[in-house]
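Side chains are part of it too, since the values below use all heavy atoms of this structure and drop only hydrogens, waters and symmetry mates.
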Amino acid sequence: MYKGFRTWILLLVFHTLTVAVWARRERRNVLFIIADDLRTSLGCYGDSLVKSPNIDQLASKSQVFLNAYAQQSVCAPSRTSILTSRRPDTTRLYDFKSYWRVHSGNYTTMPQYFKSNGYLTLSVGKVFHPGIASNHSDDYPYSWSIPAYHPASFTYEKKKMCKGEDGKLHANLLCAVNVTQQPGGTLPDMESTDEAVRLLKSRASDDEPFFLAVGFHKPHIPFRIPQEYLSLYPIEEITLAPDPDVPKLLPPVAYNPWTDVRRRDDVQKLNISFPYGPIPKDFQLRIRQHYYAAVSYMDAQVGRLLSALDELCLSNSTVVVFTSDHGWSLGEHGEWAKYSNFDVVTRVPLMFYVPGVTSHRNWRGESTFPYIDAFNQSQRSFNNDKVIKNMVELVDVFPTVSDLAGLRAPKHCPDVSFQEELCTQGANRAHTFQRPERREKAEAVSFSQYPRPADTPQENSDLPDLKDIRIMGYSLRTWDYRYTLWLGFNPNTFQVNVSDVHAGELYMLASDPGQDNNIYSDFDHGVMMTKMTRLPPTVSLQMRMKLQLLYLSAERKRKA
């Protein structure tokens with residue numbers, strides 16, 4: 001009997017050790033890739049012009065979220081929101097000039113959470129927004145195991161590096177270059193890829209799990225890219241935006257006057273009137289051509305990185321996340337750049353590759369992500385039925401990737417929360433990987449916001465400093481509507497006045513997918529706003545806007 005009991009104990013110990021070893025093996029690495037200013041201009045998102053074969057290949061083996069939205073369409077606030085899983089009203093970062101840990105709350109970041117769970121965390125390129133917004137250290141040592149890497153060639157990104165028609169160098173918007181003639185014979189995203197591959201090689205034979213974040217600078221302006229990528233997009237094949245004019249009923253507060261684009265040397269020569277003067281059509285075509293070329297150049301770097309992951313036999317043990325901080329207007333609504341609440345600047349690509357879940361594990365040694373040369377690609381190659389159409393948000397990334405990697409996802413924060421303990425204002429989407437999406441969910445919504453200094457376009461409307469913000473535009477995106485309210489905002493108290501409505505927007509997406517026909521004025525908002533004032537002050541702004549939209553949609557049905 002004693003012998004049987006001992007055998008049972010040994011078997012139990014063996015089983016426990018086996019489970020522990022298996023759990024350790026199942027704790028996946030993470031490769032987090034984030035592009036800069038990338039809208040959903042990708043083949044896998046239905047763009048028939050752009051050539052993005054490597055990202056499309058990743059998408060074909062991933063779960064792709066077709067309607068993912070950023071919380072604010074500008075770099076520092078969006079990246080801080082993604083990496084902390086807190087909304088801008090919680091981080092209180094709406095510009096580039098504060099560090100959330102001292103300005104708002106000492107919130108845990110996604111890489112910090114992985115680091116606290118035994119991961120080696122590494123940052124390459126633009127992951128956090130550099131400068132004050134990440135404490136001039138990319139949030140090291142909180143988030144990263146070693147100091148973040150930034151490519152040396154980025155020093156030249158804002159300098160006069162673009163050869164003009166006069167043969168001299170300028171700080172242009174359009175800046176296709178001969179890479180061999182650039183300092184060091186390279187460009188920032190090439191350098192970042194080289195460093196990321198080097199770090200992957202250093203991890204290939206190590207059992208310690210890693211979280212490697214790689215931030216590509218393109219397609220952010222200036223379009224300083226290898227000149228050969230322009231040949232992928234002959235100018236005669238480029239078309240203007242389908243809605244290049246400012247909508248007649250667009251509230252002036254909603255308009256983005258694209259000041260940062262106007263400051264570029266080649267754009268200044270066009271002598272465009274502020275704020276609504278249109279860019280000449282031939283120059284619009286060239287901007288669109290250069291943006292697409294920048295996407296293809298960035299896609300090639302993604303391809304190099306993923307093929308290295310393959311060659312190092314890491315694709316079977318690594319979750320790959322690909323996304324962008326926000327989108328970019330290419331002439332829609334007469335706008336360029338980001339800095340607004342429209343879909344073209346808030347909607348972003350989002351995909352998760354999970355070995356053995358979104359794609360079969362590759363035990364035969366075949367390449368999962370072979371590099372694809374866009375110059376030799378004959379046709380689009382994207383095929384995937386693992387797509388989610390319902391609305392999701394970038395604050396969802398932190399809890400989702402934690403779960404997929406084998407960690408416990410952070411709990412959900414209260415609706416109004418400045419608590420510093422670990423929590424998320426997003427949703428864990430890991431459950432969607434196990435079952436197909438069955439229907440459109442009316443309750444699936446995303447929220448974005450953008451600050452303005454005044455009711456009319458100003459020189460600082462693109463990116464007002466916190467002290468100058470007087471109006472905050474809150475935007476709710478559902479299957480059927482984009483609903484936006486521009487509300488009074490106090491930058492000293494960070495309080496929004498829900499009764500101080502400066503303007504509103506309401507777009508019916510079924511008949512107006514480009515969001516060009518604002519029907520907000522078709523409704524009498526007096527009764528609805530009176531009802532809203534009766535709600536308890538504890539009701540969140542997001543819930544208020546949901547209720548308002550329900551009221552408006554019900555009124556519309558009654559009129560019909």
Side-chain angles (χ1 to χ4, degrees), residues 71-74 77 81 86-95 98 103-104 247 249-257 275 339-342 345-346 415-418 425 445-478 481-507 515 518-553 555:
Q71 275 49 77
Q72 188 179 328
S73 58
V74 70
S81 177
R86 307 286 186 120
R87 300 184 186 279
D89 277 346
T90 302
T91 66
R92 292 179 171 175
L93 178 65
Y94 311 106
D95 57 15
S98 63
H103 180 68
S104 177
L249 295 179
L250 182 72
V253 69
Y255 183 73
N256 152 39
Y339 315 120
S340 83
N341 279 321
F342 285 114
V345 299
T346 55
D415 283 347
V416 180
S417 171
F418 293 92
Q425 290 183 305
V445 299
S446 67
F447 293 95
S448 305
Q449 63 186 98
Y450 209 84
R452 293 285 191 238
D455 288 299
T456 56
Q458 312 289 312
E459 288 288 343
N460 65 338
S461 287
D462 284 358
L463 190 62
D465 290 345
L466 173 62
K467 63 181 176 59
D468 297 323
I469 298 172
R470 294 293 178 270
I471 304 167
M472 189 70 72
Y474 291 94
S475 196
L476 183 157
R477 176 63 154 86
T478 72
Y481 301 96
R482 179 171 281 284
Y483 175 48
T484 304
L485 288 179
W486 296 91
L487 304 173
F489 181 82
N490 186 328
N492 298 313
T493 63
F494 301 95
Q495 294 299 308
V496 61
N497 185 347
V498 295
S499 300
D500 183 18
V501 181
H502 287 242
E505 300 170 75
L506 183 62
Y507 303 99
Q515 299 161 32
N518 180 14
I519 62 172
Y520 181 82
S521 61
D522 291 355
F523 300 87
D524 181 2
H525 299 272
V527 175
M528 179 188 70
M529 295 309 295
T530 300
K531 290 179 179 290
M532 291 301 108
T533 59
R534 297 172 184 167
L535 293 174
T538 53
V539 176
S540 69
L541 177 62
Q542 287 86 355
M543 180 55 69
R544 289 173 183 271
M545 290 188 67
K546 285 183 183 179
L547 294 173
Q548 290 171 19
L549 185 56
L550 284 172
Y551 180 89
L552 292 174
S553 60
E555 183 181 345

Original post:
Looking only at heavy atoms, what is the nearest atom pair of Asn518 and Tyr520, with distance?
Top reply: OD1-N, 3.1 Å
**OP:** First locate atom CG of Asp500, then atom CZ of Arg470, and finally report the distance between them rounded to the nearest 0.5 Å.
**Re:** 12.0 Å
Subject >> Side-chain donor-acceptor pair present, Ser553, Glu555, cut-off under 3.5 Å >> reply: no
Subject >> Euclidean distance, Gln425 CD relative to Gln542 CD, rounded to 0.5 Å >> reply: 8.0 Å
**OP:** Take His502 and Phe489 through the test side-chain contact (heavy atoms from CB on, under 4.5 Å) and record every step on the way to the result.
**Re:** CA-CA 10 Å; His502 287 242; Phe489 181 82; over 6 Å; no
Original post:
Among side-chain atoms of Asn341 and Tyr474, is any donor-acceptor pair under 3.5 angstrom?
Top reply: no
Original post:
How far does CG of Leu249 sit from CD1 of Ile519, to the nearest 0.5 angstrom?
Top reply: 10.5 Å
**OP:** Could you tell me whether the side chain of Ser446 reaches within less than 4.5 Å of the side chain of Arg477, counting heavy atoms only?
**Re:** yes
**OP:** Verify the distance criterion only: is there a donor paired with an acceptor across the side chains of Ser81 and Gln72 at less than 3.5 Å?
**Re:** no
Original post:
Do Ile471 and Tyr450 have side-chain heavy atoms sitting under 4.5 Å apart?
Top reply: no
Original post:
How about Pro251 and Glu505: do any of their side-chain heavy atoms sit closer than 4.5 Å?
Top reply: yes
Subject >> Trace of the side-chain contact (heavy atoms from CB on, under 4.5 Å) decision for Leu476 with Thr484 >> reply: CA-CA 6 Å; Leu476 183 157; Thr484 304; over 6 Å; no
Subject >> Side-chain touch Arg534/Thr530, heavy atoms, less than 4.5 angstrom >> reply: yes
**OP:** Test Leu485 against every option in Gln548, Met472, Arg544 by the side chain to side chain contact (heavy atoms under 4.5 Å, CB included) rule and name the one that passes.
**Re:** Gln548
**OP:** Kindly indicate whether the side chain of Ser475, heavy atoms from C-beta on, has any atom under 4.5 Å from the side chain of Arg482.
**Re:** yes
**OP:** Could you go through the side-chain contact (heavy atoms from CB on, under 4.5 Å) check for Arg452 and Ser340 one step at a time?
**Re:** CA-CA 10 Å; Arg452 293 285 191 238; Ser340 83; 4.2 Å; yes
Subject >> Residue pair His525 / Leu552, side-chain heavy-atom distance below 4.5 Å >> reply: yes
**OP:** Could you tell me whether the side chain of Asn490 and the main chain of Asn497 form a donor-acceptor pair under 3.5 Å?
**Re:** no
Original post:
Counting only N and O atoms by type, is there a donor-acceptor contact under 3.5 Å from the side chain of Gln71 to the main-chain atoms of Phe447?
Top reply: yes
Original post:
Can you name the closest pair of heavy atoms from Leu547 and Met532 and give their distance?
Top reply: CB-CE, 4.2 Å
Original post:
Where is the tightest heavy-atom contact between Phe494 and Tyr94, given as atom of each residue plus distance?
Top reply: CD2-CE1, 4.1 Å
**OP:** Could you pull out the closest heavy-atom pair between Leu250 and Phe342, with the gap in Å?
**Re:** CD1-CZ, 3.5 Å
**OP:** Can you measure from CG (Asp455) to CH2 (Trp486) and round to the nearest 0.5 angstrom?
**Re:** 10.5 Å
Original post:
For the residue pair Val253 and Ala454, what are the closest heavy atoms and their distance?
Top reply: CG2-O, 3.5 Å
Original post:
Are any side-chain N or O atoms of Ser104 and backbone N or O atoms of Thr90, one a donor and one an acceptor, separated by less than 3.5 Å?
Top reply: yes
Subject >> Step-by-step side-chain contact (heavy atoms from CB on, under 4.5 Å) determination, Leu93 to His103 >> reply: CA-CA 8 Å; Leu93 178 65; His103 180 68; 5.7 Å; no
Subject >> Steps toward side-chain hydrogen bond (donor to acceptor under 3.5 Å, both in side chains) verdict (Ser461, Glu459) >> reply: CA-CA 6 Å; Ser461 287; Glu459 288 288 343; over 6 Å; no
Original post:
Heavy atoms, side chains only, cut-off 4.5 Å: are Val498 and Leu541 in contact?
Top reply: yes
**OP:** Write down the atom of Leu466, the atom of Asp95, and the distance for their closest heavy-atom approach.
**Re:** N-OD2, 2.9 Å
